[in-house]
J.: 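One structure, as C-alpha cells, below. Some questions next.
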2 protein chains.
Amino acid sequence: MKARRLTPHRSAVLETIRASRTHPTAAEIYSQVRRRRPGVAYATIYNALDWLTRNGMVSELRLGDEASRYDPTTARHDHLVCTRCGALVDYELPLPHRILLQAGRRHGFRVQYYRLELFGCCSQCAPDSAAPSR
Amino acid sequence: MKARRLTPHRSAVLETIRASRTHPTAAEIYSQVRRRRPGVAYATIYNALDWLTRNGMVSELRLGDEASRYDPTTARHDHLVCTRCGALVDYELPLPHRILLQAGRRHGFRVQYYRLELFGCCSQCAPDSAAPSR
DNA sequence: GTTACTGCAAAGTCTTTGCATGCGG
DNA sequence: CCGCATGCAAAGACTTTGCAGTAAC
C-alpha cells in the first residue's frame, strides 16, 4: 500500500484541533492551517477531517444547525453548551452508562451508544450569585 | 394585531406532523401537504415549520447531518434512533432530570435543558438477542 | 387599507465531488 | 510508475430570504 497516511496536511489539521480549546469548526481549522500552509484548499481540510475522523483521531460534533465542530477527545464524553456565546466544553456525566444503554430495550432497541448534551449559560455569560460580571 | 395565526397551510403542516408517526422531514411534510394543497411552496412549509416551532406546537429535531425532522410532542423527551433504518422513536428516560440539570454547575454552567439521544438498532433491524445476520 | 401569509426563485451556508496535477514510495 | 493526497472549482443538500401578489381583518 502506498498510502501516505498522516500527511503534513492532516497532521496540521490534527495539531490545530488539539491546540484549540474550543472545538473548532472546519472554517476555523482552515484559517489556522492556512497560516502555515497558505495554499491549502478547503477540500483538503474536509478531506483531512474525514480521514482523521474515520481513523479515530478526532471526533465530529454536530450541534443544532451550525457547522460541525471537531473534538480531539475521541473517548466517549458529554458536552456542555452555552446557548449565549456558543462555548462548548467537554464534560463527563457521572451517571451509570449501563442504565442508558439498557434503557432502550423496553422499546426493542439495542442501544450501542448515546449522546448527551447539556445546554445553558456558562459562567462568562450568566454570572450567577457569586460570579463576576462578564 | 392582524395575524392570521393558525392558517390553513400551517394547520395542514401541523396535522401532517401529528398524523405521521415517523417525525417527518420538511421534504416529507412538503409532499404530504402538496396532496391537499397542490400549489403550496416549499418556502411556505419552512415558514409554517418555523412558526409552529416558535409557537410551541411542534419541535425541531436535528440529528447528524440529515435534514431536520419535526416532532409533534413538544414536552421534553428523549429519542431512540436506529442507526440502520433511521427509525426515530420518542422515549422518556426514567432518570432524575435534576441530576442532569445540576450537573453542569461544577463547570460553572447553569444548565437549562439537555438533549439525550440513544443510538442503536431497533427490533426491526436487529431482532432480539439472537439476531440474524441480515 | 393595512398587515400578514403565500408563491416563486434566487441566494446562502456548509459540505462533497470530479478531475487534473504531482509528490512519495 | 502508480497510488494517493492535493488544489480548484463546481455541484449538492438543505434552508433562508427578497419581493410582489393576494387574502384576511
Side-chain angles (χ1 to χ4, degrees), chain A residues 1-17 20 22-55 57-71 81 86 88, chain B residues 1-17 20 22-55 57-71 81 86 88:
Chain A
M1 180 188 288
K2 300 190 176 181
R4 263 175 275 166
R5 301 181 157 291
L6 225 196
T7 65
H9 281 109
R10 290 172 179 168
S11 186
V13 169
L14 179 57
E15 289 312 316
T16 298
I17 296 170
S20 169
T22 62
H23 304 76
T25 62
E28 287 159 357
I29 295 163
Y30 173 65
S31 67
Q32 280 294 321
V33 172
R34 205 148 230 267
R35 293 185 187 172
R36 288 193 278 173
R37 313 189 152 268
V40 72
Y42 228 124
T44 301
I45 301 295
Y46 275 107
N47 242 328
L49 289 171
D50 182 51
W51 188 89
L52 290 168
T53 300
R54 279 186 293 99
N55 285 83
M57 307 180 86
V58 303
S59 58
E60 184 183 5
L61 295 177
R62 297 196 141 276
L63 294 153
D65 59 352
E66 298 162 357
S68 286
R69 299 171 72 158
Y70 294 85
D71 192 334
V81 184
L88 199 168
Chain B
M1 182 188 286
K2 298 191 177 181
R4 262 176 279 166
R5 303 181 155 291
L6 225 195
T7 66
H9 281 108
R10 288 171 181 170
S11 185
V13 169
L14 178 57
E15 290 313 315
T16 298
I17 297 171
S20 169
T22 63
H23 304 77
T25 63
E28 288 158 359
I29 295 165
Y30 173 65
S31 67
Q32 281 294 323
V33 172
R34 206 150 229 267
R35 293 185 188 173
R36 289 192 277 172
R37 313 189 151 269
V40 71
Y42 228 123
T44 300
I45 301 296
Y46 275 107
N47 242 325
L49 289 171
D50 183 50
W51 189 88
L52 289 168
T53 300
R54 279 187 291 99
N55 286 84
M57 306 180 86
V58 303
S59 58
E60 184 184 5
L61 295 177
R62 298 196 139 277
L63 294 153
D65 58 353
E66 299 162 356
S68 287
R69 298 172 72 158
Y70 294 86
D71 192 334
V81 185
L88 198 170

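The analysis underlying the following values was restricted to heavy atoms, covering all of them including side chains, and did not include hydrogens, waters or symmetry mates. By convention in this document, chain letters (A, B, ...) are assigned in the order of the sequence lines, proteins followed by strands, and residues within each chain are numbered from 1.
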J.: One pair to check against side-chain contact (heavy atoms from CB on, under 4.5 Å): A/Glu60 and A/Leu49. What are the steps and the verdict?
T.: CA-CA 8 Å; A/Glu60 184 183 5; A/Leu49 289 171; over 6 Å; no

J.: Quickly work out the B/Arg54 CZ to D/dT15 C1' distance and round it to whole Å.
T.: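 Interatomic distance, CZ of B/Arg54 to C1' of D/dT15: 15 Å.
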
J.: What is the distance, to the nearest angstrom, from the CZ atom on A/Arg34 to the C1' atom on D/dG7?
T.: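 Those two atoms, CZ and C1', are 10 Å apart.
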
J.: I need the minimum non-hydrogen distance between A/Ala26 and A/Tyr70, along with the two atoms involved.
T.: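 Heavy atoms of A/Ala26 and A/Tyr70 come nearest at N-CE1, 4.2 Å.
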
J.: My understanding is that only residues two or more places apart in sequence, or in another chain, count here; which of them pass salt bridge (charged side-chain N to carboxylate O under 4.0 Å, His left out) with B/Glu66?
T.: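 Counting only residues at least two positions away or on another chain, B/Glu66 forms no salt bridge (charged side-chain N to carboxylate O under 4.0 Å, His left out).
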
J.: Which ones in residues 40-52 of chain A lie close to DNA chain C, meaning a heavy atom under 4.0 Å from one of its atoms?
T.: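 A/Ala43, A/Tyr46 - these, ordered by number, are the residues of the stretch whose heavy atoms sit under 4.0 Å from the strand.
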
J.: Can you tell me the distance, in whole Å, between the CG atom of A/Asp65 and the P atom of C/dT13?
T.: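 Interatomic distance, CG of A/Asp65 to P of C/dT13: 13 Å.
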
J.: When the distance from OH of A/Tyr30 to P of C/dT15 is rounded to whole Å, what number comes out?
T.: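 After rounding, the reported distance stands at 14 Å.
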
J.: Rounded to the Å, how far apart are B/Leu63 CG and D/dC14 P?
T.: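 That distance rounds to 14 Å.
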
J.: So, does A/Ser68 get its side chain near the phosphate of C/dT15, meaning an N or O under 4.0 Å from OP1 or OP2?
T.: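 So the side-chain polar atoms of A/Ser68 do come within 4.0 Å of the phosphate oxygens OP1 or OP2 of C/dT15, strictly under.
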
J.: If you look at every heavy atom in B/Arg10 and B/Arg5, which pair is closest and at what distance?
T.: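 Looking at all heavy atoms of both residues, the closest pair is NH1-O, 2.9 Å.
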
J.: Is the shortest side-chain N/O distance from A/His9 to OP1 or OP2 of D/dA5 below 4.0 Å?
T.: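 The answer is no; no side-chain N or O of A/His9 sits under 4.0 Å from OP1 or OP2.
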
J.: Calculate the interatomic distance between A/Asn55 atom CG and D/dC4 atom C1'; express it in whole Å.
T.: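 So the CG-C1' distance, A/Asn55 to D/dC4, works out to 14 Å.
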
J.: Tell me the closest heavy-atom pair linking A/Val40 and A/Tyr30, and the distance in Å.
T.: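 In this case the closest contact between A/Val40 and A/Tyr30 is O-CE1, 3.6 Å.
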
J.: Could you give the CZ-to-P distance, from A/Arg10 to C/dC23, as a whole number of Å?
T.: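 Taking atom P of C/dC23 as the reference, CZ of A/Arg10 is at 17 Å.
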
J.: Considering every strand and a 4.0 Å limit on heavy-atom distances, what is the contact class for B/Arg37: base, sugar-phosphate, or nothing?
T.: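 B/Arg37: no heavy atom of the nucleic acid under 4.0 Å.
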
J.: Any side-chain N or O of B/Thr7 under 4.0 Å from OP1/OP2 of C/dT6?
T.: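 Yes, B/Thr7 has a side-chain N/O under 4.0 Å of OP1/OP2 on C/dT6.
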
J.: Mind listing the closest non-hydrogen atom pair of B/Trp51 and B/Leu6 along with its distance?
T.: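 Heavy-atom minimum between the residues: CH2-N, 3.9 Å.
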
J.: Between A/Arg62 and C/dT15, is there a contact of a side-chain N or O with OP1 or OP2 at under 4.0 Å?
T.: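 Affirmative; the distance criterion is met.
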
J.: Can you check the B/Leu6 CG to D/dA24 C1' distance for me, whole Å?
T.: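 Distance, rounded to whole Å: 15 Å.
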
J.: Can you tell me if the side-chain N/O atoms of A/Thr25 get under 4.0 Å from OP1 or OP2 in C/dC14?
T.: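 No, outside the criterion.
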
J.: Less than 4.5 Å apart, any side-chain heavy atom of B/Gln32 and any of B/Ser20?
T.: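 Of all side-chain heavy-atom pairs linking B/Ser20 with B/Gln32, none is under 4.5 Å.
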
